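Let me begin by presenting the structure, written as structure tokens, before commenting on it.
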Amino acid sequence: MKDLIKLDNRKIFITGASSGIGRETAKVLADLGASCVMAARREDELKKTLSLLNGDGHSYYVLDLAEIEKLEQRIKEITGKEGPFDGYVHCAGLANDRPLLYTKYDIAHKIMSVNYFAYLEITRCLTKRGCYNPGFSIVGISSISAKTCRPSQTAYSASKAAMDAMMKCLALELSSKSIRINNIAPGMIATEMYAEYKQKYGYDETHLKREGRLGVGEPKDIAFMVAYLLSDTAKFITRSCIEISGGGH
């Protein structure tokens, strides 16, 4: 029981590792023995994440997930250099709250590209023969916004709902390869995205507690669940979306 979660000698691909949940996930996985291969747009922030990781064998790649048409070649290059992976965590996320009048196609498409299409495309690429090891596990960071569906979050909520539907479909399809896929649906977590939300709407921990919630969570609250789902301890868990929201709905 002491070693309930072990990730020694596991190689994990993590998107969105330049900040927030992605950065904390890389730190937690590295502490548990995994080698983290990180991807994001901001190289300076990726370097910072890399400097925070314990252990050896970590690396990063500058990758713009909005450029869907380039992802297949980039993933091919990455797997060619890194070898097959034991897990994939899609932490990259984009939010841009706008009322319907200002939710134009280009805005909605970019949100869908980063949050959903990139998740689908990278999953497609990494589940090809030779790109993954036995026991491969996929974890997507969704959101309770897929269910709460608040005003001005049409594109964001739709992208997260698409992630959840994709996960449920692919869990059935990938089971023949013994590949597991699950999502995590965080509530309010203390990230850059939450800071922007708080500044824009003035909605903070005080409001959450008045509604009977536990308040604002920390990135490590999500990272610990990611680690669990990637581990052999969770080998019988697939096709699930696990809510970590402090009671928020």
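Note that the coordinates shown come from a computational prediction; the quantities given were computed from them, not determined experimentally. The basis for the numbers below is simple: all heavy atoms, side chains too, and nothing from hydrogens, waters or symmetry mates.
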Study note, to complete from the structure: Quick note, ring pair (Phe, Tyr, Trp, His ring centres under 6.0 Å) partners involving residues 42-69, not counting sequence neighbours, are none

**Study point:** T15 side chain vs C91 backbone, donor-acceptor pair below 3.5 Å
**Key:** yes

Do any side-chain atoms of residues 65-78 form donor-acceptor pairs under 3.5 angstrom with protein atoms, and if so which ones, sequence neighbours left out?
unit_1, atom_1, unit_2, atom_2, d
E72, OE1, R124, NH2, 3.2
E72, OE2, R124, NH2, 3.4
E72, OE2, K128, NZ, 2.7
Q73, NE2, E77, OE2, 3.4
R74, NE, E77, OE1, 3.2
R74, NH1, V62, O, 3.0

When the side chains of residues 134-142 are checked against the rest of the protein, which donor-acceptor pairs come out under 3.5 Å, sequence neighbours left out?
unit_1, atom_1, unit_2, atom_2, d
S137, OG, R180, NH2, 3.4
S137, OG, L229, O, 3.0
S142, OG, K160, O, 3.4
S142, OG, D164, OD1, 2.9
S142, OG, D164, OD2, 3.4

Check your understanding: Within the distance-only criterion (no hydrogens, no angle test), does the side chain of N183 pair as donor or acceptor with the backbone N or O of I242 below 3.5 angstrom?
Key -> no

Practice item. Answer with yes or no whether the hydrophobic clustering places M163 together with V89; edges join I, L, V, M, F, W, Y residues whose side-chain heavy atoms lie under 4.5 Å apart. Key: no

Check your understanding: Should we count CG of D56 as having more than 12 external heavy atoms under 6.0 Å?
Key -> no

Exercise for review: With sequence neighbours excluded, tell me which residues meet side-chain contact (heavy atoms from CB on, under 4.5 Å) with Y102.
Suggested key: R98, P99

Point to revise | Closest non-hydrogen atom pair between C131 and C125, with its separation | key: SG-O, 3.7 Å

Check your understanding: For T191 and P219, which heavy atoms make the closest approach, and how far apart are they?
Key -> CG2-CG, 4.1 Å

Check your understanding: Rounded to the nearest 0.5 Å, how far does OG1 of T154 lie from CG of L100?
Key -> 6.5 Å

Point to revise | More than 12 heavy atoms from other groups under 6.0 Å of NZ on K110 | key: no

Review point. According to the side-chain hydrogen bond (donor to acceptor under 3.5 Å, both in side chains) rule, which pairs have a member within residues 28-41, sequence neighbours left out?
Key: D31-N54

Check your understanding: For F236, what residues pass the ring pair (Phe, Tyr, Trp, His ring centres under 6.0 Å) criterion, not counting sequence neighbours?
Key -> none

Revision key, fill the gap. Here the pair of heavy atoms bringing A26 nearest to C36 is O-SG, 3.5 Å

Review point. Can you check whether L32's main-chain N or O pairs, donor with acceptor, with K6's side chain at less than 3.5 Å?
Key: no

Practice item. Please list all pairs passing the side-chain hydrogen bond (donor to acceptor under 3.5 Å, both in side chains) test where one or both residues lie in residues 214-240, with sequence neighbours left out. Key: R10-D232

Exercise for review: Measure up the Y119 and H90 rings against each other and bin them: parallel (under 30°), tilted (30 to 60°), perpendicular (over 60°).
Suggested key: parallel

**Study point:** Shared hydrophobic cluster, M167 / L126 (ILVMFWY, side-chain heavy atoms < 4.5 Å)
**Key:** yes

Review point. Taking only residues two or more places apart in sequence, or in another chain, which ones meet Y132 in a side chain to side chain donor-acceptor pair (under 3.5 Å)?
Key: none

Point to revise | side-chain contact (heavy atoms from CB on, under 4.5 Å) involving S19 - partner list, sequence neighbours excluded | key: R42, E192

Practice item. Answer whether the closest heavy-atom distance between the side chains of D97 and R150 falls below 4.5 Å. Key: no

Review point. Of all heavy-atom pairs between G87 and L230, which one has the smallest distance, and what is that distance?
Key: CA-CD2, 4.1 Å

Revision key, fill the gap. Smallest heavy-atom separation, P186 atom then I222 atom, equals CB-CD1, 3.7 Å

Check your understanding: For A118 and Y88, which heavy atoms make the closest approach, and how far apart are they?
Key -> O-OH, 4.0 Å

Check your understanding: Pairs in or reaching into residues 111-120: which pass salt bridge (Lys or Arg N to Asp or Glu O under 4.0 Å), with residues at least two apart or in two chains?
Key -> none

Review point. If you draw a 6.0 Å radius around NZ in K177, do more than 12 non-hydrogen atoms from other residues or ligands fall strictly inside?
Key: yes

**Study point:** Same apolar cluster: I122 and L174, side chain cutoff 4.5 Å
**Key:** yes

Practice item. With sequence neighbours excluded, tell me which residues meet side-chain contact (heavy atoms from CB on, under 4.5 Å) with A185. Key: I144, C241

Review point. What residues form a side-chain contact (heavy atoms from CB on, under 4.5 Å) with A162, not counting sequence neighbours?
Key: M112, Y116

Check your understanding: Has the side chain of S145 got a donor or acceptor atom that lies under 3.5 Å from a matching backbone atom of S157?
Key -> no

Check your understanding: Nearest 0.5 Å, what's the CZ-OG1 distance between F85 and T127?
Key -> 13.0 Å

